[in-house]
Number of protein chains: 2
Amino acid sequence: MGKPGPKRTLSEDAIVAAALEVLDERGADAVSVRSIAARVGIAPNAVYTYFPDKAAVLRAVVDRLIGEQSLAVLAGDEPWQDRIRTVALGLRSSLLRHPGAATLLMSAPMDGPRALEFGERLLDVLSEAGFTPEDAARLSYALIVYILGAIALEAAEVDPSRPAPPEEERIALRRNGFAKVPADTFPRTAAAAEVMARYVSTEQFLWGLDRVLGRATIPS
Amino acid sequence: MGKPGPKRTLSEDAIVAAALEVLDERGADAVSVRSIAARVGIAPNAVYTYFPDKAAVLRAVVDRLIGEQSLAVLAGDEPWQDRIRTVALGLRSSLLRHPGAATLLMSAPMDGPRALEFGERLLDVLSEAGFTPEDAARLSYALIVYILGAIALEAAEVDPSRPAPPEEERIALRRNGFAKVPADTFPRTAAAAEVMARYVSTEQFLWGLDRVLGRATIPS
DNA sequence: ACCTGAACACCGTTCAAGT
DNA sequence: ACCTGAACACCGTTCAAGT
């Protein structure tokens, strides 16, 4: 439509924003170079002016999603475990708001600036809490594994091509899934179905996080 | 080439095996309905005789990978934590042998028969260890989150279109990644780089697993 | 430097037809 | 029931050309 020109009419950020809009409105499968380009009004191949390939766009999307969560709370004066809990919960609700994003999360190394910032602040907190640099590094890695793993598994259950459902609906979905487990071959799983279904939720997320944080609440 | 016939010349298993071969030889991106079909010698659309769609094939591949790990050790007479450690390590090395598989792992609910079997045996162990059904359910979920999350993050670092590298090489890859972190803006991350790089390994995997299992080894 | 149109080599899936 | 060839509506990416 518009006349071509040498001026830079867009930015990397505009591309990423468009990708995120497509992700939210039409699901992960609909995020293509062509759909992104159409949304910002350029030819598909013009995207390659801003990013080397599609994977780079997706990495930038993931980094932007991580950046949606404010890290200010990590510098507060509550107990350090509470600060980590708060920021983990925030990251979880940020990411669950974008179904399909979780798949992207686990499929590429997280080396974007916002992801690095997150890791750095986590190390700050753990250092302040008295951990040696080595233990802080290990614990921060274990925390990230748990947080992202939990989010990815929660998101895996929902249809990525539809808008993000609320927690209640996700629990119901899971209940339906477990209802199909044959009780004769998997008796324990069937018996635990109700608990399993309910605990794809804030409560189970925090329960596991506390285990990693070192607050055992049950006998071992 | 061959003449068409009404006989069932293949099986679901043959399709899954072919998909796994393509995954290992040419990477995750090369796993297409067409490449799978070509490998077993049928037309692409004949795959739809065995599976409703591509996603179902991938789910079956994931279930088969989970089944590669023997669960016999879970019924042994060592301490229950040791049995869980052993089976977690086995699952990890099984899955890391197939790079790109980890992405599949997190992108769909794990409701295949082998995955259910794994969960059931885990509940057996935890029940035998004295956990209430509710705590056993929560802990088994937390363990699965940690195990799969750790594997997915480890696998995310490697190029999925090339054969799986050994642990040494994965550590070196990670070291290179951290070497690029600017020390002035992310001082703690840069300082922890060597630890972070080394602990994408059996050692860090077990360290975090022990946290979830409840064996805190550092002050909290 | 940034954009375009056209093309290349692919996809997943559906359909009508054959045995 | 299981397979085929042909087609549909897409992909990511590259290239030569325009401003």
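So that the names make sense, note that chain A is the first sequence line, chain B the second, and so on, each numbered from 1.
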**Student:** Does B:D210 pair with B:R85 as a salt bridge, N-O distance under 4.0 Å?
**Tutor:**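 Yes, this pair counts.
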
**Student:** When you get a sec, tell me which of D:dT13, D:dT4, D:dC11 is the closest nucleotide to the side chain of B:A43?
**Tutor:** D:dT4

**Student:** For DNA chain C, what string of dots and brackets results from 5' to 3' when Watson-Crick and G-U pairs need both distances under 3.5 Å, crossing pairs get [ ], and pairs with another strand get |?
**Tutor:** ||.|||||...|||||.||

**Student:** Are side-chain heavy atoms of B:L209 and B:L206 found at a separation under 4.5 Å?
**Tutor:**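 Heavy-atom side-chain distance check passes, below 4.5 Å.
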
**Student:** If you compare every side-chain N and O of A:T49 against the phosphate oxygens of C:dA1 (OP1, OP2), does one of them come in below 4.0 Å?
**Tutor:**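 No, A:T49 has no side-chain N/O under 4.0 Å of OP1/OP2 on C:dA1.
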
**Student:** Would a 4.5 Å heavy-atom cut-off, applied to side chains only, mark B:L123 and A:T189 as touching?
**Tutor:** yes

**Student:** Please state how far atom CG in B:D29 lies from atom P in D:dC11, giving the value in whole angstrom units.
**Tutor:** 17 Å

**Student:** Would you call B:E68-B:R64 a salt bridge at under 4.0 Å N-O?
**Tutor:**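 The answer is no: the pair does not qualify as a salt bridge.
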
**Student:** Provide, to the nearest angstrom, the distance between the CD1 atom belonging to B:I42 and the P atom belonging to D:dT4.
**Tutor:**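 From B:I42 CD1 to D:dT4 P: 6 Å.
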
**Student:** Rounding to a whole Å, what distance do you find between B:R34:CZ and D:dG12:C1'?
**Tutor:**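 About 15 Å, once rounded to whole Å.
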
**Student:** Can you check the B:Y48 OH to C:dA17 C1' distance for me, whole Å?
**Tutor:**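 One finds 19 Å between C1' of C:dA17 and OH of B:Y48, rounded.
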
**Student:** Rounding to an integer number of Å, can you tell me how far A:F51 CZ sits from C:dA1 C1'?
**Tutor:** 17 Å

**Student:** In whole angstrom, give the distance that lies between atom CZ of A:R26 and atom C1' of D:dA9.
**Tutor:** 13 Å

**Student:** Just how far, in rounded Å, is C1' of C:dC2 from CG of A:L10?
**Tutor:**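 Roughly 10 Å, once rounded to whole Å.
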
**Student:** Give me the distance, rounded to whole Å, that separates D:dA9 from C:dA9 when you measure between the P atoms they each carry.
**Tutor:** 22 Å

**Student:** B:P44 has a side chain; which of D:dT4, C:dT13, D:dT13 sits nearest to it?
**Tutor:** C:dT13

**Student:** Between the side chains of B:R59 and B:D111, is the shortest nitrogen-to-carboxylate-oxygen separation below 4.0 Å, so that they form an ion pair?
**Tutor:** no

**Student:** Out of D:dG12, C:dT4, C:dT13, which nucleotide sits closest to the side chain of A:A46?
**Tutor:** C:dT4

**Student:** How close or far is atom P of C:dT14 from atom NZ of B:K54, stated in whole angstroms?
**Tutor:**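 Between P of C:dT14 and NZ of B:K54: 14 Å.
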
**Student:** Just wondering, do A:P113 and A:D63 contact through their side chains at under 4.5 Å, heavy atoms?
**Tutor:** yes

**Student:** Shortest non-hydrogen contact from B:E167 to B:S201?
**Tutor:**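 Residues B:E167 and B:S201, closest heavy atoms: OE2-CB, 3.4 Å.
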
**Student:** Which residue lies toward the 5' end of DNA chain C, B:S35 or A:G41, if each is placed at its nearest nucleotide?
**Tutor:**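 Counting from the 5' end, the first nearest nucleotide belongs to A:G41.
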
**Student:** Select from A:A30 and A:P52 the residue whose nearest nucleotide in DNA chain D is closer to the 5' end of that strand.
**Tutor:**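 Per heavy-atom nearest nucleotide, the more 5' residue is A:A30.
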
**Student:** Please determine if a side-chain N or O atom of A:Y50 lies less than 4.0 Å away from the OP1 or OP2 oxygen of C:dC3.
**Tutor:** yes

